[in-house]
2 protein chains.
Amino acid sequence: MPDGSGAARLGVLSRPGCVGLCEQCRIRGLAVCRALEPQALDELAALATRLELPAKKLLFDEGEPARSLFTLVEGVVKLYKALPDGRRQITGFLLPGDFLGLAHFTSYAYSAEAVTEVGLCRFPREGFLRLLERHPALERELLSRASSELAAAQEQMLLLGRKSAKERVASFLLSFARRQAMVGRELVALPMSRNDIADYLGLTIETVSRSIRAVEEEGLIRLVDRHHYRVVDPDRLRRAAAAG
Amino acid sequence: MPDGSGAARLGVLSRPGCVGLCEQCRIRGLAVCRALEPQALDELAALATRLELPAKKLLFDEGEPARSLFTLVEGVVKLYKALPDGRRQITGFLLPGDFLGLAHFTSYAYSAEAVTEVGLCRFPREGFLRLLERHPALERELLSRASSELAAAQEQMLLLGRKSAKERVASFLLSFARRQAMVGRELVALPMSRNDIADYLGLTIETVSRSIRAVEEEGLIRLVDRHHYRVVDPDRLRRAAAAG
DNA sequence: CCGAGCCCTTGATCTGGGTCAATGCCGGCT
DNA sequence: AGCCGGCATTGACCCAGATCAAGGGCTCGG
């Protein structure tokens, strides 16, 4: 259990209701971002409210006024954009510690939906932006996160524009394992549906299913069940993903 | 000709060698970003060196150590990522006023190449980062730019993952016209090759050619020559692009 | 423990866009 | 002006992945 200064260092995530979540946060959370002064963390904590949502619950919808920003504390969230006729593109899956809601304008540019049960910290937009002005270190952290998201988006454009179905699936399985720091034989959870994977990779569920099967039959991964796999041969998987 | 304080407001772009470029910059340049103190502008200006490149010249290559950051002053630059076997995905075209080179790590995550003759201001990475620390307003500007780039990247993922060839081409023609603030009947320049358009839209040159033709035959645009078009029917073009 | 419904997988067929193959055309050089 | 080389267009054909169509097997509620 963190003492007073420990609580300050863990910021918003060590508030009542967040106990037990600090493990992830220490690794990935906004609260422990480099060089953020205890002062800023306390102010962040004062601003935050805790939020829990069941799986499949919409967090916010594209075009809706952006009133809040969030850090994901627990569970998985998907971000997506949709066309009027219902075609969807999932632009990313968020894991605990990820930040969401930075809107360039005053409304969200994408929708966010809980994939699993999720726990979040919510920050009201106004207060957060004022806090941002007073704490350049926080702004730096956001800039750093935005540029790594941008790099990930560019990688995804390469995938969507130029990779074959099998390469897409291999890339996805590899990068998802990587994000959980599991490229060995540890079990990797795949909490989203085949439909979500398809909408993330620009494919159909049938093609996703067949491609996963193909990757498994080549011995690059081992499917434990629909929602769990092991990376069996990281090197060949990397090659099947056309580098990454 | 700007006086002393005018020169300061226009920052790096009103230095010797940049005369005559201020028109674009006043509209889009980094130098006039909101609320940037004259002090910061002068420091930026002191840091900048002017750089000219012919068309097709590589500015930097993916993976190369990121020693510089740039603002594009004149011409068009393309950013791309490539796979080992040569497949390419262009992730964006930059117009005057755009900023490039923000690398999350110490090496560039993509390549940058001049599409036309270009003029740039170059900032050495070290100096720029130090300057960033002293001027939160500059950092805010970069964050704002990064988030609008991110929104553009998400839009492009939707295009690459879910739109048909004709929708992609319509979206591209529309957004390119928009970025030049020309959605009426003004002539829009299309300086890049069909190959570049194909690599941007995740298509082949043949499909790009056929799709442009189709969009023209439906009377949505008028092709003046290979590198110039007019938007004839913005509304129907918007619909053909599946909204945008 | 059983049944219903929802995912998911697997198979058969179809098609949008890729590939291959001629031309056509423009711009630069002599 | 005329030629040359690279880019663009156009046409014929093909294939990866979409679509259509059956099952199969978790999961959850009763």
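We name chains A, B, ... by the order of the sequence lines, and we start the count at 1 in each one.
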I need the residues from residues 194-201 of chain B with at least one non-hydrogen atom less than 4.0 Å from DNA chain D; give them sorted by number, or say none.
B/Arg194, B/Asn195

The criterion is side chain to side chain contact (heavy atoms under 4.5 Å, CB included); which residues satisfy it with B/Thr204, sequence neighbours excluded?
B/Glu206, B/Thr207

Mind telling me whether A/Phe60 and A/Tyr108 have parallel, tilted or perpendicular rings, with 30° and 60° as the class edges?
parallel

Taking CG from A/Leu190 and P from C/dC7, how many angstroms apart are they, rounded to a whole number?
16 Å

Can you measure A/Ile205 atom CD1 to C/dT9 atom P for me and round it to whole angstrom units?
9 Å

Show your reasoning for whether side-chain contact (heavy atoms from CB on, under 4.5 Å) applies to B/Ile221 and B/Leu237.
CA-CA 8 Å; B/Ile221 62 155; B/Leu237 186 58; 4.1 Å; yes

Please list, chain by chain and in numerical order, all residues satisfying side chain to side chain contact (heavy atoms under 4.5 Å, CB included) with A/Arg230, sequence neighbours excluded.
A/Leu187, A/Arg222, A/Val224

To the nearest 10 degrees, how far apart in direction are the end axes of the helix from C/dC1-D/dG30 to C/dT30-D/dA1, each fit to five base pairs?
40°

N/O to N/O distances under 3.5 Å, protein versus nucleotides 13-15 of chain C:
none

Between P on C/dC8 and CD1 on A/Ile212, what's the gap in Å once rounded to a whole number?
9 Å

Just how far, in rounded Å, is P of D/dA18 from CZ of B/Arg162?
8 Å

B/Lys57: what forms a side chain to side chain contact (heavy atoms under 4.5 Å, CB included) with it, not counting sequence neighbours?
B/Leu53, B/Pro54

Length of the line joining A/Arg168:CZ and D/dG17:P, which is rounded to integer Å
7 Å

Can you give one letter per nucleotide of nucleotides 19-30 of chain D, 5' to 3': B if a protein heavy atom sits under 4.0 Å from the base, S if only from the sugar-phosphate, - if neither?
BB---B------

Rounded to whole Å, please give me the gap between CZ in B/Arg213 and C1' in C/dG16.
20 Å

Side chain to side chain contact (heavy atoms under 4.5 Å, CB included) partners for A/Pro234, two or more places apart:
A/Val231, A/Arg238

Please determine whether a side-chain nitrogen of the Lys or Arg among A/Arg162 and B/Asp85 lies less than 4.0 Å from a carboxylate oxygen of the Asp or Glu.
no

How close or far is atom C1' of D/dA8 from atom CD of B/Glu216, stated in whole angstroms?
14 Å

Please figure out whether A/Ser209 or B/Ala165 has its closest DNA chain C nucleotide nearer the 5' end.
A/Ser209

Hey, what do you get for CZ (A/Arg87) to CG (A/Asp199), rounding to the nearest 0.5 Å?
11.5 Å

Which of these nucleotides, C/dT9, C/dC8, D/dT10, is closest to any side-chain atom of A/Ser193?
C/dC8

Output all residues satisfying ring pair (Phe, Tyr, Trp, His ring centres under 6.0 Å) with A/Phe172, sequence neighbours left out; order by chain, then residue number.
A/Phe176, A/Tyr200

Within this structure, what is the NZ-to-C1' distance between B/Lys56 and D/dG6, rounded to whole angstrom?
8 Å

Donor-acceptor pairs under 3.5 Å, side chain of residues 115-122 of chain A to any protein atom, not counting sequence neighbours: which ones?
from, atom 1, to, atom 2, distance (Å)
A/Thr116, OG1, A/Val76, N, 3.0
A/Arg122, NH1, A/Ser68, OG, 2.9

When you measure from the side chain of B/Lys81 to the backbone N and O of A/Glu155, does any donor-acceptor pair fall under 3.5 Å?
no

Listed by chain and number, what are the salt bridge (Lys or Arg N to Asp or Glu O under 4.0 Å) partners of B/Glu218, not counting sequence neighbours?
B/Lys166

A/Ser111 (side chain) donor-acceptor with A/Glu62 (main chain) under 3.5 angstrom
yes

Can you name the salt bridge (Lys or Arg N to Asp or Glu O under 4.0 Å) partners of B/Glu186, sequence neighbours left out?
none

